[in-house]
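Taking it in order: structure first as C-alpha cells, then the write-up.
Given the structure is predicted, the values throughout are model-derived calculations rather than measurements. Counting starts at 1 for both ligands and their atoms, following the listed order. Side chains included, hydrogens not; waters and symmetry mates left out as well; all remaining heavy atoms used. Along the sequence shown, residues carry numbers from 1.
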Amino acid sequence: MQVVTDSSALKESLSELSDKNYRIGLVPTMGGLHAGHGSLVTTARSACDVVVVSIFVNPIQFAPSEDFASYPRDLLGDRQKLASWGADILFVPEESDLYPDGLSGMRVQPPAQLTSGLCGPGRPQHFAGVLTVVLKLLNLIRPHVAYFGQKDFQQWRLIQQMATELLLGVTIVRCPTVREPDGLALSSRNAYLDSRERLAARGLSRSLATILEHYQKGERAAAILLERGHCAWDDWFAKNACLIPQLEYLSLVDTRTLEPVERVSAESVAAVAARVGKARLIDNVLLAPASPDLPLLSWPAAILVE
Ligand code: PAF
C-alpha cells in the first residue's frame, strides 16, 4: 500500500492510473478504523481496480464544544488494517492541503429540507463541514465510486444529493452497518465508552430492533412504532443497572426526503441519537421488506445486569 501525504504526490500516483483507465474507488474516513471501515474497503476492493482511502480528521465538521481534539487517532494501527483489507493508496493530507486558504473559506451549503431533522438541529454546521471536505476529496481523487456507511444515514443521503445536484459524476454507494455481536453499531466513538456506558449504549440498537420487529409484524403507524421504540429504550434502562443516556432523538423518516412519516409506506428509516458519557452515538435501521438490518432481530436481547 502506498502512503501519500500531500496532494501533488497523490496527483502523480493517480495520473498514472487514469492513463490505464482503471476504476477508482474512494473510502473517505477520519481514521480510528474498525471493521465497519473494513467492510467499506473490501466492498470497494471487490468492485474497483484501485482503492484509495483517505484519513483526515476534518476540523470544520466539529463544533468548538465537540471532540475534534480527542477524536481517536492511530495512524500506525490504521495503516496496518488498511493494508490487510487490501487498500492500494492511503491519502493522509495535511490541513493546508485541503484548506489552502484557511478554515473559514468556502462551504457547501446543504439544503434545509435534508438538515432540518435528525442530527441537523443539534449540529448546525456539521453537514456543511462534511460536504465541503467530501467535495474537496472527490475533486482531488476523482473516483468513479465513493463508499459511505449506512450508520451515518443522513450524511450518506446528503452526499448522494450533492453528487446529483452538483453533477459530480461519481457513484455514491451506501454499505450496511457493521455491528458488535450484541447489536451495537461500530463507531470510532465507541472507544470513549467505559463498561457501564458500553452496556447503556446497547439501548440504541435495542430500541431500533424493537421498531424493526413491529414493522416486520405488519405495524405501519409511525406513532405506534416510535412508542414501541421508546418503551424498549425505557425497558433497557429499567432492567439494566447502567447509566441512562441522554436521548437526542428517536425518529422515523422517509429515506429520500428525511422528513418524518406518519405511516411507513415507502422505504423509511428509524434513526436514533443519544449521548452516552462523552460519546454522542447514532444508529438507524431501514424499514423495508428486505432491510439489510434484519439480522439485528436475531441477535441476543439478553438482559445483562451488572
Ligand atoms: O464519516 C466520516 O468519517 C466523515 O464524516 C467523512 C465522510 C470522512 C468526512 O470527514
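Note that CZ of Arg228 and CG of Asp235 are 11.5 Å apart. Values are rounded to the nearest 0.5 Å.
Between Asp74 and Arg79, no side-chain nitrogen of the basic residue sits less than 4.0 Å from a carboxylate oxygen of the acidic one, so the salt-bridge criterion is not met. One finds a salt bridge joining Asp283 and Arg179 here, because a Lys/Arg side-chain nitrogen approaches an Asp/Glu carboxylate oxygen to under 4.0 Å. Using a 4.0 Å cut-off between charged nitrogen and carboxylate oxygen, Asp49 and Arg23 do not count as a salt-bridge pair.
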List the atom pairs, donor and acceptor, that lie under 3.5 Å between side-chain atoms in residues 161-172 and the rest of the protein, sequence neighbours left out.
from: Gln161; atom 1: OE1; to: Arg157; atom 2: NH1; distance (Å): 3.1
from: Gln161; atom 1: OE1; to: Arg157; atom 2: NH2; distance (Å): 3.0
from: Gln161; atom 1: NE2; to: Glu165; atom 2: OE2; distance (Å): 2.8
from: Thr164; atom 1: OG1; to: Gln160; atom 2: O; distance (Å): 2.9

Pairs under 3.5 Å, nitrogen or oxygen of ligand 1 with protein nitrogen or oxygen:
from: ligand 1; atom 1: 1 (O); to: Gln155; atom 2: NE2; distance (Å): 2.8
from: ligand 1; atom 1: 5 (O); to: Gln61; atom 2: NE2; distance (Å): 3.0
from: ligand 1; atom 1: 5 (O); to: Gln155; atom 2: OE1; distance (Å): 2.7
from: ligand 1; atom 1: 10 (O); to: Gln61; atom 2: OE1; distance (Å): 2.6

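Judged by the 6.0 Å distance and 45° axis criteria, Arg220 is positioned over the aromatic ring of Tyr215.
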